[in-house]
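Numbered from 1 within each chain, the chains take letters A, B, ... in sequence-line order.
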Amino acid sequence: MEKSHVFEWNNSAFQQKVLAWYDQNRRILPWRAKKNSKPSPYHVWLSEVMLQQTTVPAVKKYFERFTSLWPTIHDLANSPPDTVMQEWAGLGYYARARNLIKCAGIVSTDLNGKFPENEKDLKLLPGIGPYTAAAISSIAFGNNSVVVDGNVERIVSRVFKVDDPLPLAKKQIHALAKHFYEGITSKRAGDMPQALMDIGATVCTPKSPKCAICPMSDMCAVRQCSDNPDLYPRKLPKAKKPHREGKVYWLETEAKQILIEKRSDEQMLGWMFGFPGTSWDGVGNDFVAPDINWDMVGDVTHVFTHFSLKLEVLRGRMPIGKIKLNKNQYLIDITEVENIGFPSLFKKVLKLALPIRNKHPG
DNA sequence: GTCCGGAGGG
DNA sequence: CCCTCCGGAC
């Protein structure tokens, strides 16, 4: 759409409205520095990685926990990877945690604990892509980067009334987003993306945005033509998810131990603990279940981004001496199994199998 | 159950 | 440019 069809667009007028709103309404978040001061690059990086695909409320506790366990990037880099993975459990998208660990190692040892300041060098680090590089360079270092996340995409699509559907409209939206940042001073460079995120999260929300109190409403094309903002950004219909099925085994010993395994780098939920089973992600081999009597415990269902999964949970017992452990497999005491940080899929398995086990110890 | 939110990497 | 990765709110 041609923005001039609706009104005369003015970059700095828009920026002033947004920044004035931010000065009055900014959210207080653990990773944000006080007004007029820059937060630590370590905090910005850690929070931005956690915030990828994850909501602010979910991230808060994890951020507090991580920074209290590891006050500096050196502390994080020196921690055993398993400990970091355990602390990440429940946050999802575990590749982020694996990249976080790799990145911490590089910054701590190769770069003396200093993050690069420009987008180009930031993007060379594991887990830092276009968005995160732009966010760190502007928020931590005051560079005027064009930061585009889902909030900014949504705001752009409404303010400029972009009628092409996502993801086709990505490039167009990114180009239009430049208007939001052009000419911002270094002093305000970090505030602008954060202001847009705050407005996106609290005012220009995906559904039923609060246009009546929006600082951008008189410059918003969708608002000005009384279109329904809920319809923006337009999106291509998504493909139906395929369904997969498999088995998962709860194998216990007479000594009240449970068999768990650490998943490999290549598998889904890599580096996390889980229970053995058939390969439901198309990677690795099926668990060769010992020839014993298996009781059906029930089904667990879980939905991932690109498929839904149903696992049949089977429970069996055998003497400890008969169990041959592969590497990456461990026998863990029944009293400790609840303390393992499992990803959600295996938490469901645990929740199903453990009470039955306690009721009928065999 | 359904929808929502998005970046990294090959 | 396409594929791959979860959890929570409702």
Side-chain angles (χ1 to χ4, degrees), chain A residues 45-62 85 88-103 119 122-136 145-157 165-171 173-174 177 193 196-197 200-202 204-209 230-244 263-274 280-283 299-311 341-349 351:
Chain A
W45 164 72
L46 180 60
S47 63
E48 285 301 338
V49 172
M50 287 181 168
L51 286 163
Q52 292 165 4
Q53 303 101 295
T54 310
T55 59
V56 164
V59 166
K60 276 184 182 169
K61 325 172 202 34
Y62 285 87
M85 296 308 291
W88 194 277
L91 205 50
Y93 289 99
Y94 297 94
R96 293 183 298 167
R98 301 194 294 273
N99 285 329
L100 190 86
I101 293 166
K102 293 175 194 164
C103 184
E119 290 180 68
L122 282 163
K123 265 192 285 195
L124 296 174
L125 294 166
I128 300 185
Y131 163 78
T132 307
I136 295 173
S145 311
V146 180
V147 184
V148 184
D149 76 335
N151 292 295
V152 177
E153 273 184 354
R154 186 169 59 254
I155 293 170
V156 165
S157 76
L166 283 170
L168 275 56
K170 280 261 187 212
K171 279 175 106 170
I173 288 175
H174 204 277
L196 292 167
M197 320 259 181
T202 64
C204 195
T205 47
K207 286 181 195 158
S208 313
D230 283 27
L231 301 179
Y232 291 84
R234 298 204 183 272
K235 288 176 183 170
L236 249 28
K238 21 184 176 291
K240 195 178 164 297
K241 281 183 209 293
H243 181 74
R244 299 185 191 169
R263 300 176 64 77
S264 75
D265 198 61
E266 305 79 45
Q267 292 178 297
M268 283 186 70
L269 311 175
W271 295 17
M272 299 301 291
F273 284 110
W280 43 263
D281 60 356
V283 177
D299 291 335
V300 153
T301 58
H302 193 75
V303 182
F304 292 102
T305 310
H306 48 303
F307 64 92
S308 59
L309 177 67
K310 184 167 89 174
L311 289 181
F342 287 109
S344 295
L345 168 65
F346 293 114
K347 269 205 184 96
K348 291 177 185 174
V349 174
K351 206 178 158 190

Considering every strand and a 4.0 Å limit on heavy-atom distances, what is the contact class for A:Gln53: base, sugar-phosphate, or nothing? base
Heavy atoms, side chains only, cut-off 4.5 Å: are A:Leu345 and A:Phe304 in contact? yes
C:dC6 C1' sits how many Å from A:Leu269 CG, rounded? 8 Å
Qualifying residues under side-chain hydrogen bond (donor to acceptor under 3.5 Å, both in side chains), relative to A:Tyr62, sequence neighbours excluded: none
Just to be sure I understand the rule, does A:Lys235 reach a base, reach only the sugar-phosphate, or reach nothing, if contact means heavy atoms closer than 4.0 Å? sugar-phosphate
By nearest-heavy-atom nucleotide on DNA chain B, the more 5' of A:Asn151 and A:Lys123 is A:Asn151
Can you give the first and last nucleotides of DNA chain B, 5' to 3', that have an atom under 4.0 Å from a heavy atom of chain A? B:dC4 to B:dG9
In this structure, how many angstroms lie between the P atom of C:dC6 and the CZ atom of A:Phe307, rounded? 9 Å
Do A:Arg234 and A:Tyr232 meet the cation-pi criteria used here (NZ or CZ under 6.0 Å from the six-membered ring centre, within 45° of the axis)? yes
How long is the line joining CZ of A:Arg244 and C1' of C:dC6, in whole Å? 14 Å
Sorted by chain and residue number, the ring pair (Phe, Tyr, Trp, His ring centres under 6.0 Å) partners of A:Trp271 (sequence neighbours excluded) come out as none
Please determine if a side-chain N or O atom of A:Thr55 lies less than 4.0 Å away from the OP1 or OP2 oxygen of C:dG8. no
Look at all strands and tell whether A:Val59 reaches a base, only sugar-phosphate, or nothing, counting heavy atoms closer than 4.0 Å. nothing
Take the protein atom CE of A:Met50 and the nucleotide atom C1' of C:dC6, then report the distance between them rounded to whole Å. 15 Å
Residues passing the side-chain hydrogen bond (donor to acceptor under 3.5 Å, both in side chains) test with A:His174, sequence neighbours excluded, are none
5′-ward residue of the pair A:Asn99/A:Leu51 relative to DNA chain B: A:Leu51
Would you please name every residue forming a side-chain hydrogen bond (donor to acceptor under 3.5 Å, both in side chains) with A:Tyr131, sequence neighbours left out? A:Glu48
Of the non-hydrogen atoms in A:Gly90 and A:Lys347, which two are nearest, and what is the gap between them? CA-NZ, 4.4 Å
Excluding sequence neighbours, so at least two apart, what forms side-chain contact (heavy atoms from CB on, under 4.5 Å) with A:Ala58? A:Thr54, A:Thr55
To the nearest angstrom, the CD-C1' distance between A:Gln52 and C:dG7 comes to 15 Å
Tell me which residues in residues 88-96 of chain A lie within less than 4.0 Å of DNA chain B, going by non-hydrogen atoms. A:Tyr93
Please work out if A:Phe304 contacts a base, only the sugar-phosphate, or nothing of the nucleic acid, heavy-atom cut-off 4.0 Å. base
Looking for any heavy atom pair under 4.0 Å, which part of the strands does A:Pro57 touch: base, sugar-phosphate only, or nothing? nothing
Contacts of A:Gln267 that satisfy side-chain contact (heavy atoms from CB on, under 4.5 Å) - sequence neighbours left out: A:Arg263, A:Ser264, A:Asp281, A:Val283
Measure the distance from NE2 on A:His302 to C1' on C:dC5 and round it to the nearest whole Å. 11 Å
Upstream residue (5' side of DNA chain C) when A:Lys171 and A:Arg98 are each assigned their closest nucleotide: A:Lys171
Can you list the residues that meet the side-chain hydrogen bond (donor to acceptor under 3.5 Å, both in side chains) rule with A:Asp149, with sequence neighbours excluded? A:Asn151
